[in-house]
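What follows is a single structure, written as structure tokens, with notes after it.
Chain naming here is simple, since letters A, B, ... match the order of the sequence lines and numbering starts at 1 in each.
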Amino acid sequence: MAAKLSAVLDVHHCNISYPSDKNQPPHFTSPLRISTKKFTIFCTSSKSPPKTAPGKAESRKRKTPSLSEQLKPLSNTILSDRPNESHQLLSKPKSVWVNPTKPKPSVLSLQRQKRSSYSYNPQIRDLKHFAKKLNDCDPADDAAFQAILEEIPHPPNRDNALLVLNSLRSWQKTLLFFNWIKTLNLFPLETIFYNVTMKSLRFGRQFQHVENLANEMIENGVELDNITYSTIITCAKRCNLFDKAVQWFERMYKTGLMPDEVTYSAVLDVYAKLRKVEEVMSLYERGRASGWKPDPIAFAVLGKVFGEAGDYDGIRYVLEEMKSLGVQPNLVVYNTLLEAMGKAGKPGLARSLFEEMLDSGITPNEKTLTALIRIYGKARWAKDALELWDRMRLNGWPVDFILYNSLLSMCADLGLEEEAERLFEDMKGSESRKPDSWSYTAMLNIYGSGGNADKAMRMFEEMSEKGVELNVMGCTCLIQCLGRAKRIDDLVQVFESSVNGGIKPDDRLCGCLLSVVSYCEGEDVNKVLACLHKANQNLVAFIKSLEEEDTKFENVKQEFKGILSNTAVDARRPFCNCLIDIFRNRNLRERAHELLYLGTMYGLYPGLHTRTEEEWRLNVRSLSVGAAHTALEEWMQTLTKLVQRREALPEVLSASTGAGSHKYSQGLANAFASHAEKLAAPFKLREDKAGGLFVATREDVISWVQSRAASLASIA
DNA sequence: CTAGGGTTAG
């Protein structure tokens, strides 16, 4: 979709044609055009805005540039070339207008469209009853519907028809009723009739019907107003037809209608859905420059955009902007920003924002609490998570099914087995919140990561008894657990029944099988490999070829590259880690070194080795035990060469293993310590520092290398 | 869903 929209922006909409409409007012005189000029003040270089490409000259001749044309110079000259400056620029919107004598160009109407008020309809009871009959009739039976229509209790005049139209539920019936009114031809169908019908169609995600009605309005000379356009735009958005949404927005300007803030923020959200941060900001800035004081909904859209980009500066910008405009965030804005904080990896700031929200007198809802619980779980902030859970109960804050499941997942993240069991039992006892596949997955995750294979298997059996389907994540948790318990026959059985039950193994499941291969022995290896073969043939073929002594490095490289490029980004490093472990455990260390080399080359271990003048550090926190051993050996070899060549070393050499924040983490620090001991390497754990840091001085390393060289020499 | 815009789960 994103590609589609950018294509639309690039071709400047030359190919869009609308039905002729004669009754349109004259085009607006370029509400946005001035901005091209205006924005040159933001350019630090003295260059003028980029020239339009020759092929696009024609579209420039139009009286009113399309929105995309107007956006383009902006994003070319300012935003996309200097992404880091954008916030700095955006934080000073008031500086945009250098010449106060010129009127501000307007991109939106500061006045919201007025709605006509309904007058009381004395026939309301009869007509509601009639509408109910229409709603209740068999949707497949058109004849029955027609028959009921004939029995309308009062004449279908304007007000009566409107009332019924508003009361129909399904889009099919709304459309049938609308067409019936049209054929009766008792009064002209005004805009509101189209708007009400479109709203119903939008509910049914029927964009084609909506667009047909819009074109009919144009043909019949019925005015399209802001309500029409915002309904069309949001309908296109819900149907993921973003290019259509933009087309209709641009049509407003072309026909001389100015969007109000509702239509405008609907379009902001279109660009937000496309993750076009620059376009969102440029629209926002233009709106601001037109004197718009955005309301909380517009800020919620901005917050979402930055959250999805994980852009903390952007989130802060939204908060500051609201503050400086005196806009008080509402519940939805807080929810959006909290979630954004989570995506930007700022649990502490999420926590303080939540407190700020409470201080301002807003009561959290299910979404607020789901977001926070999830953030604390992912951050492994057990204390805050449990505290929040207590407060939820104490204050009687609202809870729903998703929140229950999120609490279970949080327990899985934190290894809170008892709490999860209690909650799970609660859910079973309730009528409305029976555990579903999400709930069972969380339980499988808890038992799986806790190594409790019996309880995990009991969950698995219970699921099939209750008819709750296992999903791929639950399957992965279970297989991981059975693998660790060395219950390989059970593992095979679970895998096969899952695949037969329709689960499509994903890369995470393959990674899980691969890790089981790395630590099991004998015939078990082949059993697991047979499962893996069903999920990913290439991976098994790759392992087989690495086992062959005469497979050349160049072939390893090509095959591994092929494997990685077919693997989800998140699963690439785990794959490489497991493969290294597999070959270390089989005493094929050379293969392990090759794989680590290739993994580093393909960017799976960024920052594996970092250097400053004083310190060189090996960062193995994202490595498996075998990969960490391999990396340490590799590093020692390198250091040995450097010492022998009498090259300069920094004062401090260190290795960082990470503390292993997960309750069940394998203890990379311990494994590393024992390996260093085996090599008699002089790395000592710094007890005073958190996060598993092993440190050696330059002198220790030099003397260690020399003594090793001496002992090797004496053996020779 | 009483004509229009924004927020919940591996």
Side-chain angles (χ1 to χ4, degrees), chain A residues 112-118 121 124 127-128 131 162-171 174 190-204 224-235 237-238 245 259-270 272-273 294-305 307 329-340 342 364-375 377-378 398-410 412-413 436-439 441-442 444-445 471-477 506 508 570:
Chain A
R112 246 188 226 211
Q113 183 180 320
K114 293 273 187 299
R115 315 163 128 210
S116 55
S117 54
Y118 286 116
N121 190 325
I124 186 159
L127 291 167
K128 281 278 175 192
L162 198 51
L163 201 149
V164 174
L165 196 61
N166 254 316
S167 313
L168 295 175
R169 290 242 171 72
S170 76
W171 64 267
T174 309
E190 307 153 35
T191 304
I192 188 168
F193 282 84
Y194 285 93
N195 289 351
V196 172
T197 308
M198 282 184 182
K199 185 185 173 184
S200 174
L201 291 168
R202 185 188 64 177
F203 199 71
L224 284 76
D225 62 13
N226 258 286
I227 297 177
T228 320
Y229 278 110
S230 57
T231 309
I232 298 170
I233 289 164
T234 52
C235 179
K237 183 169 68 186
R238 282 185 204 180
D260 66 10
E261 74 171 328
V262 175
T263 314
Y264 204 74
S265 47
V267 170
L268 275 187
D269 193 54
V270 169
K273 285 254 148 55
D295 66 0
I297 293 180
F299 284 114
V301 173
L302 286 194
K304 189 174 65 182
V305 170
N330 63 14
L331 180 58
V332 177
V333 173
Y334 274 117
N335 288 350
T336 311
L337 291 175
L338 282 171
E339 203 168 303
N365 69 3
E366 299 88 336
K367 291 171 187 170
T368 324
L369 300 167
T370 299
L372 264 186
I373 280 293
R374 194 167 161 249
I375 289 169
K378 295 285 160 252
V399 182
D400 66 1
F401 192 53
I402 293 181
L403 180 49
Y404 264 90
N405 276 341
S406 301
L407 284 165
L408 276 182
S409 300
M410 176 272 285
D413 287 333
D436 69 351
S437 75
W438 286 78
S439 328
T441 300
L444 287 171
N445 193 1
N471 60 29
V472 67
M473 185 184 170
C475 175
T476 305
C477 294
D506 61 6
R508 288 174 71 161
D570 290 348

Distance criterion of 3.5 Å, no angle test: do you see the side chain of [X] paired donor-to-acceptor with the base of [N]?
X      : N      : value
A:K128 : B:dT2  : yes
A:T263 : B:dG5  : no
A:R202 : B:dG4  : no
A:D260 : B:dG4  : yes
A:T370 : B:dT8  : yes
A:T441 : B:dG10 : yes
A:S230 : B:dG4  : yes
A:D295 : B:dG5  : yes

Could you work out which one of [options] sits closest to the side chain of [X]?
X      : options              : value
A:V301 : B:dG6, B:dA9, B:dG5  : B:dG6
A:D436 : B:dT2, B:dA3, B:dA9  : B:dA9
A:D400 : B:dA9, B:dG6, B:dT8  : B:dT8
A:I192 : B:dG5, B:dT8, B:dA3  : B:dA3
A:N405 : B:dG4, B:dG10, B:dA9 : B:dA9
A:N166 : B:dC1, B:dG6, B:dT2  : B:dT2
A:P296 : B:dG4, B:dT7, B:dG6  : B:dG6
A:E339 : B:dG5, B:dT8, B:dG10 : B:dT8
A:N195 : B:dG5, B:dA3, B:dG10 : B:dA3
A:V332 : B:dG6, B:dG4, B:dA9  : B:dG6

If you measure from CZ on A:F203 to OG on A:S170, what distance do you get to the nearest 0.5 Å? 10.5 Å
Rounded to the nearest 0.5 Å, how far does SG of A:C235 lie from NZ of A:K199?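 SG of A:C235 is found 13.0 Å from NZ of A:K199.
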With a 4.0 Å cut-off on heavy atoms, is [X] in touch with a base, just the backbone sugar-phosphate, or nothing at all?
X      : value
A:R169 : base
A:N226 : base
A:T476 : nothing
A:V333 : base
A:N445 : nothing
A:R374 : sugar-phosphate
A:S265 : base

Just by modelled atom types, is the [Y] backbone N or O under 3.5 Å from a matching donor or acceptor in the [X] side chain?
X      : Y      : answer
A:N226 : A:D260 : yes
A:N365 : A:T368 : yes
A:N335 : A:L338 : no

Nearest whole Å is fine: how far is [N] [atom2] from [X] [atom1]?
X      : N     : atom1 : atom2 : result
A:K237 : B:dG4 : NZ    : C1'   : 11 Å
A:F401 : B:dT8 : CZ    : C1'   : 13 Å
A:F203 : B:dG4 : CZ    : P     : 12 Å
A:L331 : B:dT7 : CG    : P     : 13 Å
A:R115 : B:dC1 : CZ    : C1'   : 12 Å
A:L372 : B:dA9 : CG    : P     : 13 Å
A:L165 : B:dC1 : CG    : C1'   : 12 Å
A:N121 : B:dT2 : CG    : P     : 17 Å

Integer angstrom distance from the C1' of B:dC1 to that of B:dG5: 15 Å
P atom, B:dT2 versus B:dG6: distance in rounded Å?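 My reading of the P atoms in B:dT2 and B:dG6 gives 15 Å.
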Taking only residues two or more places apart in sequence or in another chain, which ones pass ring pair (Phe, Tyr, Trp, His ring centres under 6.0 Å) with A:F401?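 Per chain and number, A:F401 pairs via ring pair (Phe, Tyr, Trp, His ring centres under 6.0 Å) with no residue.
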With side-chain hydrogen bond (donor to acceptor under 3.5 Å, both in side chains) as the test, pick out the partner of A:T441 among A:N405, A:N471, A:T476.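 It is A:N471, the one option of A:N405, A:N471, A:T476 that forms the side-chain hydrogen bond (donor to acceptor under 3.5 Å, both in side chains) with A:T441.
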Return no unless some side-chain N or O of A:R238 is found under 4.0 Å from OP1 or OP2 of B:dG5. yes
Has A:Y264 got its ring stacked on B:dG5, by the test of a centre gap below 5.5 Å and a plane angle below 30°? no
Are the charged groups of A:R508 and A:D570 less than 4.0 angstrom apart, N to O? no
